[in-house]
Amino acid sequence: MKYTTEIKIIKPRTEVVEKFSNPDNMKHWQRGFISMEPISGKLGEEGSKNMLKYKMGKRDIEMEEKIIKNDLPAQFHANYSAKGVYNIQENFFEETPEGHTLWISHNEFRFSGFMKLMGLFMPGAFRKQSYQYMKDFKNFVENNQSVLKKK
């Protein structure tokens with residue numbers, strides 16, 4: 001399953017990328033985020049790996065992140081693998097003529113096991129989740145509002 005989502009953030013690209021690339025900010029725009037622990041390599045460098053932990057409803061999810069390309073401020077690509085799900089994500093940050101930022105995210109999901117059914121019967125849920133993260137990030141950057149306050 002492949003799809004692209006995009007959102008315009010009314011802030012300069014330097015500020016957007018600074019907040020995007022700081023792992024301490026993830027809890028403010030990724031609902032359910034618990035922690036990120038380095039596995040190998042230097043944080044943020046191509047080839048490095050991290051373990052990300054989330055709480056989604058009653059489920060605890062662990063996923064491994066592998067940085068494929070870090071050419072910020074222009075682009076950041078990573079692969080994410082969790083039980084039954086493999087996600088290839090390519091993020092692009094473009095400056096608009098007004099000095100704002102257009103965040104474009106290309107996603108490809110591959111499923112195995114039970115998750116194949118989720119991908120087959122609920123493909124919109126993955127796009128919706130991706131776009132929700134983008135909206136929450138936009139709100140965090142533009143208005144300094146954290147999803148932690150929305151409990």
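Ion pairing between K69 and E90 fails under the 4.0 Å rule for side-chain N and carboxylate O.
The closest donor-acceptor contact from the side chain of N139 to the backbone of N144 lies at 3.5 Å or more, if one exists at all. Although no hydrogens or angles enter the test, the distance criterion places a donor-acceptor pair under 3.5 Å between the side chain of N91 and the main chain of F76. A donor-acceptor pair is defined here as one N or O able to donate and one able to accept, closer than 3.5 Å; such a pair exists between the side chain of Y3 and the backbone of F126. Judged by distance alone, the side chain of S48 and the main-chain N or O of G41 form no donor-acceptor pair under 3.5 Å. No donor-acceptor pair under 3.5 Å is formed between the side chain of R31 and the backbone N or O of V147. When atom types are taken as modelled, the side chain of E46 and the backbone of N70 share a donor-acceptor pair closer than 3.5 angstrom. Looking at N87, its side chain never comes within 3.5 Å of a backbone N or O of Y80 through a donor-acceptor pair.
Cluster annotation: Y131 is not connected to V85 through the hydrophobic network of ILVMFWY side chains, with a link wherever side-chain heavy atoms come within less than 4.5 Å. Cluster membership for V17 and L43, using ILVMFWY side-chain heavy atoms within less than 4.5 angstrom, is shared. In terms of hydrophobic clustering, with Ile, Leu, Val, Met, Phe, Trp and Tyr side chains grouped at heavy-atom distances under 4.5 Å, M134 and M56 are assigned to a common cluster. Y133 and I104 are assigned to two separate hydrophobic clusters, defined by single-linkage of ILVMFWY side chains at heavy-atom distances under 4.5 Å. No single ILVMFWY cluster, assembled from side-chain heavy atoms under 4.5 Å apart, contains both W29 and L102.
With a 4.5 Å cut-off on side-chain heavy atoms, E18 and T14 do not count as touching. At a threshold of 4.5 Å between non-hydrogen side-chain atoms, the residues I10 and K138 count as touching. For the pair E98/K8, a side-chain contact is recorded, criterion being any heavy-atom separation below 4.5 Å from C-beta on. R110 places a side-chain heavy atom less than 4.5 Å from the side chain of I88. The shortest distance between side-chain heavy atoms of K135 and I7 falls below 4.5 Å. By the 4.5 Å heavy-atom criterion applied to side chains, E65 and M36 are counted as neighbours. Here the side chains of F111 and M1 are in contact, with some heavy-atom distance below 4.5 Å. The shortest distance between side-chain heavy atoms of H100 and I9 does not fall below 4.5 Å.
Here NZ of K11 is found 11.5 Å from CZ of F140. Values are rounded to the nearest 0.5 Å. Taking NZ of K83 as the reference point, atom OG of S112 lies at 9.5 Å (rounded to 0.5 Å). With rounding to the nearest 0.5 Å, the separation of CD in E62 from OG in S35 is 8.0 Å. Expressed to the nearest 0.5 Å, how far CG of L52 lies from CD of E37 amounts to 9.5 Å. To the nearest 0.5 Å, atom CD of residue E108 and atom CG of residue N79 are 9.5 Å apart. Atom OG in S40 sits 8.0 Å away from atom CG in N50 (nearest 0.5 Å).
Taking the ring pair (Phe, Tyr, Trp, His ring centres under 6.0 Å) definition, one finds that H106 meets it with F92, sequence neighbours left out.
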- Message: I'd like to know whether W103 forms a side-chain contact (heavy atoms from CB on, under 4.5 Å) with V16, so could you lay out the CA-CA distance, the side-chain angles of the two residues, the decisive distance to 0.1 Å, and finally the verdict.
- Response: CA-CA 9 Å; W103 175 14; V16 169; 5.8 Å; no
- Message: I'd like to know whether L148 forms a side-chain contact (heavy atoms from CB on, under 4.5 Å) with H28, so could you lay out the CA-CA distance, the side-chain angles of the two residues, the decisive distance to 0.1 Å, and finally the verdict.
- Response: CA-CA 6 Å; L148 293 175; H28 296 298; 3.9 Å; yes
- Apply the test side-chain contact (heavy atoms from CB on, under 4.5 Å) to residues N25 and F137: give CA-CA distance (whole Å), side-chain angles for both, the deciding distance (0.1 Å), then the verdict. CA-CA 9 Å; N25 289 333; F137 180 73; over 6 Å; no
- side-chain contact (heavy atoms from CB on, under 4.5 Å) between Q89 and S105, intermediate numbers included: CA-CA 7 Å; Q89 188 178 87; S105 182; 3.6 Å; yes
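Closest heavy-atom contact between P73 and F93: O-CB, 3.3 Å. Minimum heavy-atom separation, I61 to A82: CG2-CB, 4.4 Å. Here the closest non-hydrogen pair linking S130 and N107 is OG-ND2, 4.1 Å.
Its side chain within the 4.5 Å cluster rule, M51 clusters with I39 among the Ile, Leu, Val, Met, Phe, Trp and Tyr residues.
For K66, the NZ atom sits in a loose shell: 12 or fewer heavy atoms of surrounding residues, nucleotides or ligands are nearer than 6.0 Å.
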